[in-house]
Amino acid sequence: MKVNEEKFRMQFRRSVLLCVAAGVSVLIAAIFILKTMYDSRIELVKEQMMAELTDYNGRIVRQIDKDFQTLYTIASFIQSSGIADDPDMASFLLDANFKNEFVTMGYFNEEGIGDIAHLEYGIEKDIDYHVFNDSVEEAMDMAYSGQQGLSKLFRSQVSNKLVYVYCVPVVRDGIVRGVLCASDKMEIFDTIFNERIVLNGNGSVHLIGETGRMLLSSDKYQEGTELFSGDYFSEKDERLLQEVIKENEKYAFATMNYNNKKYMVCLTSLRVNDWYLLCIHDNMTANKTLGYVMRTMLITFLLLLCLVLCLLFFIYHILTRSNQSLTRLAYKDWLTGADNMLQFEKNLEHAQKKEGKFCIAVINVRQFKFMNEIFGKEFSDRLLCSISKCIDEMMGDGEFFARESADLFYVYLLEKEEVRIRERIEALFLSISMEVKEKRDYQLQMYAGAYIHDGSIGAQDFREVLMTRVAFAMEQCKKRPGEVLSFYNAKVHREKEMENYVETHMVQALSDGEFQVFLQPKVSIEDGSLSGAEALVRWVTKDGSMIFPDVFIPQFERNGFCVQLDLYMVRRVCKMLRAWMDEGLEPIPVSVNQTKLLFYQADYMTKLQECLKEYQIPAELITLEILEGLALEHKEEMNSKLRALRKIGFKISLDDFGSGYASFNTLGSLEIDELKLDRSFLLEISKNHSYRLHMIMSGVIDLSKRLYISTVAEGVETKEDEEMIRSMGCDFGQGYLYSRPLRVEDFYEKYMKERKQSPKED
């Protein structure tokens with residue numbers, strides 16, 4: 001019996017030890033799993049917080065850059081129009097401020113004296129900028145040194161609001177002639193902080209100053225909070241955050257105590273104006289369910305070891321649900337339940353590794369904001385859910401989609417033919433429209449942009465290039481109201497990129513001398529001698545590449561920059577002629593194109609005369625070329641200006657004659673010295689042997705001779721062309737038969753080097 005009892009005890013002890021060991025092992029394993037899941041959750045939250053801060057950072061910086069660009073545009077107008085010296089400058093500032101909705105705008109001259117226009121309080125004149133606070137004065141000093149400046153935040157004595165000041169230089173002839181400044185209030189960023197839900201409703205983002213004061217917040221009630229004056233952080237965490245502020249580190253994470261609740265915070269420097277972005281995640285309290293599971297496991301371990309397996313299953317179930325919930329928060333759209341862009345990009349990475357073509361399309365609703373205003377947010381939310389449902393039903397095997405924000409949906413389709421893609425997109429739009437029409441009598445209009453990937457995008461910048469191209473395609477479709485689907489067009493994209501390059505680099509390019517003079521000779525038809533040249537502009541960038549006039553001239557005509565460029569060309573030509581004359585060369589007349597906008601400038605003739613006087617150039621050496629279209633506008637006024645120019649000594653040439661206007665009427669009513677026949681005459685006669693056009697061209701030349709107007713035929717490319725215009729009695733020829741446009745130095749070597757003037761007789 002004793003043996004049996006001892007044996008039973010030993011077995012019991014062994015069983016107990018085994019159960020305890022199993023329970024402890026299970027408990028340790030569970031703790032390890034829970035810790036791993038908790039750490040993963042924390043890392044996921046950190047990634048979300050950093051993503052939010054990066055997005056807010058970009059939005060704020062883009063807003064500031066947009067305001068600077070607005071000031072640069074106004075400054076460019078001031079420097080080109082000469083309005084800075086006008087007594088109505090203050091009124092101009094008030095009007096410009098009203099249009100751009102700054103709090104104040106001011107312009108200060110070279111002496112630091114200027115006027116300030118305030119939307120509410122009117123105009124203050126003759127203010128010395130040194131009376132401003134140190135931060136504003138420092139920003140103004142930066143502008144006077146040729147750089148843009150941005151002041152720190154301060155409370156305006158006029159409006160009693162927190163404001164900051166932008167300052168940009170106004171440069172003319174390479175010298176800072178003044179400073180244009182504008183103040184704006186912090187509320188300009190309200191849209192950025194209020195237009196979206198932070199961390200799917202689980203957090204908030206705040207703009208804070210270097211002292212820890214909350215300046216703007218996605219939760220309005222928290223604005224004004226002083227973070228470093230309360231007991232929100234431990235000493236260690238506060239030192240960590242202060243270190244970010246002091247050293248401008250990228251990110252710092254800490255724990256915040258507020259109302260007896262713990263939050264995770266992430267701080268990063270905006271690197272603008274001593275501002276910082278703080279993201280607060282309000283779901284960082286200890287997981288109560290997790291703690292309950294741990295306590296249950298411990299009690300169960302002590303009372304009933306036999307329930308270990310059930311308890312493990314329970315823990316697994318709870319952890320799985322928790323992980324699914326976190327995954328949903330991270331990768332699912334809170335409204336529609338569809339994937340969000342994080343998940344879409346992950347799916348896209350996997351798709352990138354597969355071979356074959358595919359299509360990315362982005363879908364949008366026309367006038368969605370209008371629908372929000374008219375039908376309300378509830379209807380708009382139901383509409384977005386309906387769109388998501390219809391897209392989901394359209395998806396085939398291996399295809400996926402996501403909602404980015406508002407009414408923007410991205411779709412991945414395993415299609416490679418435009419026709420098939422168009423069929424599917426149009427069928428989707430019809431399905432969505434029908435579903436909306438059943439719920440409300442409204443004709444929904446949608447549009448989309450698409451890009452077919454053919455493997456041409458490199459792996460390194462795959463996502464960025466892909467999303468940029470599909471977004472560009474959507475923008476092109478948005479501009480065409482009747483269009484439903486637009487595919488990415490590489491040529492149009494390059495043209496838009498070039499337009500943007502031209503717009504953003506033209507002022508600096510002019511300042512850096514990238515616009516260069518090229519000369520094309522005019523040749524006498526009678527004896528083949530050099531009779532003059534036409535100055536043509538070429539944009540040669542710093543890397544040596546060349547941009548031709550047909551790319552940038554139309555854009556300059558639209559934005560008015562051609563006024564500065566054409567006067568610049570006159571100055572360069574005068575400088576070139578002066579150099580030739582100083583070398584003892586016999587100069588030749590040079591013609592320079594003049595935009596019609598110059599003729600509306602009050603000081604146009606004055607600037608021309610100043611240029612002649614500066615370089616001591618006879619006006620007879622400069623021929624001003626005007627277009628036929630300009631000649632038809634206000635003929636009497638135009639003739640009056642042309643007579644004044646001719647009186648000074650300038651020659652007037654009518655360019656592109658016969659390119660599409662009432663040419664004979666123009667010839668009879670305009671006072672000019674030279675007529676340039678458009679190259680289309682020769683092209684048409686040479687190509688189609690048009691007898692009628694031949695007679696017209698001959699008649700124009702004959703009529704010009706009777707009016708004592710010399711004629712120049714453009715586009716002379718062959719000996720046959722030359723012989724034909726000679727037979728018509730044309731005076732001069734210009735074209736590739738004689739020479740392409742040459743750089744000034746090449747023209748000098750080929751034509752001017754041997755044109756030494758004969759010594760004057762005593």
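Because the structure is predicted, anything quoted here is derived from the model rather than measured.
The side-chain hydrogen bond (donor to acceptor under 3.5 Å, both in side chains) test applied to Y447 returns N364, not counting sequence neighbours. Scored by the ring pair (Phe, Tyr, Trp, His ring centres under 6.0 Å) test, F429 finds no partners at all (sequence neighbours excluded). Under the rule for a salt bridge (Lys or Arg N to Asp or Glu O under 4.0 Å), K185 has no partner lying at least two apart in sequence or in another chain. In this structure S388 satisfies the side-chain hydrogen bond (donor to acceptor under 3.5 Å, both in side chains) test with no other residue, sequence neighbours excluded. Taking K479 as the reference, nothing meets the salt bridge (Lys or Arg N to Asp or Glu O under 4.0 Å) condition, with sequence neighbours excluded. Partners of A402 by side chain to side chain contact (heavy atoms under 4.5 Å, CB included), not counting sequence neighbours, listed by chain and number: D339, M341, F344. For K236, there are no salt bridge (Lys or Arg N to Asp or Glu O under 4.0 Å) partners two or more places apart in sequence or in a different chain. In this structure, the salt bridge (Lys or Arg N to Asp or Glu O under 4.0 Å) partners of R420, at least two apart in sequence or on a different chain, are E415, E423. With sequence neighbours excluded, the residues forming a side-chain hydrogen bond (donor to acceptor under 3.5 Å, both in side chains) with Y164 are Y166, listed by chain and number. Contacts of Y72 classified as ring pair (Phe, Tyr, Trp, His ring centres under 6.0 Å), with partners at least two apart in sequence or in another chain: none. Scored by the side-chain hydrogen bond (donor to acceptor under 3.5 Å, both in side chains) test, N347 finds Q343 as partners (sequence neighbours excluded).
Separating the CD1 atom in I421 from the OH atom in Y451 is a distance of 11.5 Å, to the nearest 0.5 Å. Atoms CG and CD1, on L348 and I360 in that order, are 5.0 Å from each other to the nearest 0.5 Å. Separating the OH atom in Y331 from the CD atom in Q48 is a distance of 8.0 Å, to the nearest 0.5 Å. Atom CZ in R366 sits 11.0 Å away from atom CG in L444 (nearest 0.5 Å). Between the CD atom in E503 and the OH atom in Y501 there is a gap of 13.5 Å [rounded to 0.5 Å]. To the nearest 0.5 Å, the span separating OG on S433 from CG on L428 amounts to 11.0 Å.
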Q. For R422 and E418, what are the C-alpha separation, side-chain angles and deciding distance, and is it a salt bridge (charged side-chain N to carboxylate O under 4.0 Å, His left out)?
A. CA-CA 6 Å; R422 186 174 294 277; E418 289 190 8; 5.6 Å; no

Q: Apply the test side-chain contact (heavy atoms from CB on, under 4.5 Å) to residues L267 and I208: give CA-CA distance (whole Å), side-chain angles for both, the deciding distance (0.1 Å), then the verdict.
A: CA-CA 10 Å; L267 180 70; I208 69 173; 3.7 Å; yes

Q: Mind running side-chain contact (heavy atoms from CB on, under 4.5 Å) on N57 and L53 for me, showing each step along the way?
A: CA-CA 6 Å; N57 190 319; L53 292 182; 6.0 Å; no

Q.
Show, in sequence, the C-alpha distance, side-chain angles and deciding distance for D237 and Y232, and conclude whether the side-chain contact (heavy atoms from CB on, under 4.5 Å) test is met.
A. CA-CA 10 Å; D237 283 347; Y232 298 111; over 6 Å; no

Q.
Run M264 and I42 through side-chain contact (heavy atoms from CB on, under 4.5 Å) and show every step you take.
A. CA-CA 9 Å; M264 176 179 280; I42 294 298; 3.5 Å; yes

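Counting only N and O atoms by type, the side chains of N340 and E404 include no donor and acceptor under 3.5 Å apart. A side-chain donor-acceptor contact under 3.5 Å links T54 and Y251. Inspection of the Q555 and E499 side chains reveals no N or O donor paired with an N or O acceptor under 3.5 Å.
Under the 4.5 Å side-chain criterion, counting only non-hydrogen atoms from C-beta, M50 is in contact with F253. In this structure, the side chains of L384 and L335 come closer than 4.5 Å at one or more pairs of heavy atoms. Between M434 and L430, some side-chain heavy-atom pair lies under the 4.5 Å cut-off. Counting heavy atoms from C-beta on, the side chains of H281 and V265 never come closer than 4.5 Å. Contact annotation: the side chain of V484 never approaches that of M446 to less than 4.5 Å [non-hydrogen atoms, C-beta and beyond]. Counting only heavy atoms from C-beta outward, the side chains of Y488 and F472 approach each other to under 4.5 Å. With a 4.5 Å cut-off on side-chain heavy atoms, V362 and L408 count as touching. Side-chain contact between F487 and I452 is present, with heavy atoms from C-beta onward closer than 4.5 Å.
When all heavy atoms of I60 and L207 are compared, the pair lying nearest together is CD1-CD1, 4.4 Å. Minimum heavy-atom separation, S486 to C477: CB-CB, 3.4 Å. Pairing each heavy atom of C266 with each of M49, the nearest pair is N-CE, 3.4 Å. Heavy atoms only, all atoms of each residue included: L413 and I425 are closest at CD1-CD1, 4.4 Å.
Checked against the 6.0 Å centroid threshold, F358 and Y412 count as a close aromatic pair.
At least one donor-acceptor pair under 3.5 Å links the side chain of T504 to the backbone N or O of N500. No donor-acceptor pair closer than 3.5 Å links the side chain of S545 to the backbone N or O of T541. With D407 contributing its side chain and V365 its backbone, the two residues share a donor-acceptor pair below 3.5 Å. Formation of a donor-acceptor pair under 3.5 Å by the R403 side chain with backbone atoms of A406 is found in this model.
The pair E399-R424 counts as a salt bridge, with a side-chain nitrogen and a carboxylate oxygen less than 4.0 angstrom apart.
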If you look only at distance, which donor and acceptor atoms sit under 3.5 Å apart when one is on a side chain in residues 389-397 and the other is two or more places apart or in another chain?
unit_1	atom_1	unit_2	atom_2	d
K389	NZ	E393	OE2	3.1

